[in-house]
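Beneath this line is the structure, given in structure tokens, with notes to follow.
Below, each value reflects all heavy atoms present in this structure, side chains not excepted, and no hydrogens, waters or symmetry copies. Worth saying up front: this structure is predicted, and the values here are computed from it rather than measured. Just so we're on the same page: letters track the sequence lines, and every chain starts at 1.
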2 protein chains.
Amino acid sequence: MLKLEDMAKKIEEFKNEKEIFLEHIQKAGLRRTAQRDLILEIFLRTEEHLTSEDLYWLVQKEDPSVGHTTVYRTLKLLTEAGLAREVRFGDNKTYYEHHYNHEHHDHIICTECGKVVEFFSPEIESMQDAVAHKFGFIPTHHSLRLWGVCEDCQHKANESHPTMASGAQPRVRVKTIAGN
Amino acid sequence: MLKLEDMAKKIEEFKNEKEIFLEHIQKAGLRRTAQRDLILEIFLRTEEHLTSEDLYWLVQKEDPSVGHTTVYRTLKLLTEAGLAREVRFGDNKTYYEHHYNHEHHDHIICTECGKVVEFFSPEIESMQDAVAHKFGFIPTHHSLRLWGVCEDCQHKANESHPTMASGAQPRVRVKTIAGN
DNA sequence: CCGATTATTGAAACGGTTTTCATTAAAAGA
DNA sequence: TCTTTTAATGAAAACCGTTTCAATAATCGG
């Protein structure tokens, strides 16, 4: 696919997400504001997992008058609207990732290096629904995270630190997209 | 089973858990202290999901000199030793539950009333391991939570508040043990 | 267009978790 | 036993996420 087409698709996608946002705003009886527009705009530009604080600093660069709270609340709003998704990896921070036009997925996290791989398992999904129904619940959403030692870190362990146990949570986070 | 037998079994269980704890202490080169003994003792007596703060107040009654921090750190220690397990239900609090001699399980949480049902699905478990291996990970642990509307709340919704959406997180938490 | 209404904003406070640091005390060695 | 070493303790601070509240600004009605 040509770069031009990629960009066109991206722009189209953004438009859709902005429409979804405005629709959600209207349906909930909320108000459109310059701050919300700007925060959404910058969120859409950024593909990585980011925290409210991360996004706040990006927003700061374009409008220093916007506060932490507004960014925080707008991310919650985007989550309600289905455009964002909250995600936690065990370092006591809340990350947000794009949700609209992104396939639903879960995460597997390396306990050694913090690498995050996204995966989707239709079998697990359907069994979750089955379990919910078995207990009389109408399922709304779920959270599944797996932890383990990734291939790279298994090799590292063999080489130099054979007895090094998993210690503090790592700082580096590599995001890997992995299809099913 | 007679109550006497129950109690005897309970006492035996406690002894085992204390042994596990001491073993873990030794292996990790840590030290046995009066505070840790007391905190473990009181944790073992209490079967419900409790927070570090909850446990702190129980400990206070028996030894007011023990601080929040020590309770917090001892719970982490018990988690490492496999005697406790951290659990979050979405109210931004960390609960601890017994883990040793308790079957591994996941949770399904009612978004309306906060009821928590424990369940175990061997099928889901093995599929999780399969996914981990597929991506080259050696799995260590996982976290699965399902949310939905429980049977009671479905009926409630039909009766009186047909349009009431799920709002703030509930205070009341009913713990239900449900076998497979 | 103007005023009334009411959602939004941002600073600051709050709440729970985690870390820091000076002090205390457990274990190990002489 | 006495000394040395080093982990554990508890108060306080730091940290992130969330809520509160007075001030502001978007929408609505006239």
The side chain of [X] is closest to which nucleotide in this list: [options]?
X: Thr69(B); options: dA11(D), dA7(C), dA8(D); answer: dA11(D)
X: Thr70(B); options: dT9(D), dA27(C), dA25(D); answer: dT9(D)
X: Leu30(A); options: dT27(D), dA7(C), dT6(D); answer: dA7(C)

Does [N] have its OP1 or OP2 closer than 4.0 Å to a side-chain nitrogen or oxygen of [X]?
X: Thr94(B); N: dT17(C); result: yes
X: Tyr72(A); N: dG17(D); result: no
X: Arg36(A); N: dT8(C); result: yes
X: Ser65(A); N: dT9(C); result: no
X: Asn92(B); N: dG17(D); result: no
X: Lys76(A); N: dG17(D); result: no

Sub-6.0 Å ring centroid separation between His68(B) and Tyr56(B): yes

Close aromatic pair by centroid cut-off 6.0 Å: Phe89(A) and His107(A): yes

Arg73(A) vs Lys93(B), nearer the 5' end of DNA chain C by closest nucleotide: Arg73(A)

How close or far is atom [atom2] of [N] from atom [atom1] of [X], stated in whole angstroms?
X: Asp37(B); N: dA25(C); atom1: CG; atom2: P; result: 16 Å
X: His24(B); N: dA8(D); atom1: NE2; atom2: P; result: 10 Å
X: Leu38(B); N: dT9(D); atom1: CG; atom2: C1'; result: 14 Å
X: Asp54(B); N: dG15(C); atom1: CG; atom2: C1'; result: 14 Å
X: Ile25(B); N: dA26(C); atom1: CD1; atom2: P; result: 13 Å

Touch class at under 4.0 angstrom, heavy-atom based, for Thr33(B) against every strand present: sugar-phosphate

Touch class at under 4.0 angstrom, heavy-atom based, for Gln35(B) against every strand present: sugar-phosphate

Any Glu86(A) side-chain heavy atom under 4.5 Å of Glu97(A) side chain: no

Side-chain donor or acceptor of Glu118(A) paired with backbone N/O of Asp106(A) under 3.5 Å: no

Geometric class of the His99(B)/His104(B) ring pair [parallel <30°, tilted 30-60°, perpendicular >60°]: perpendicular

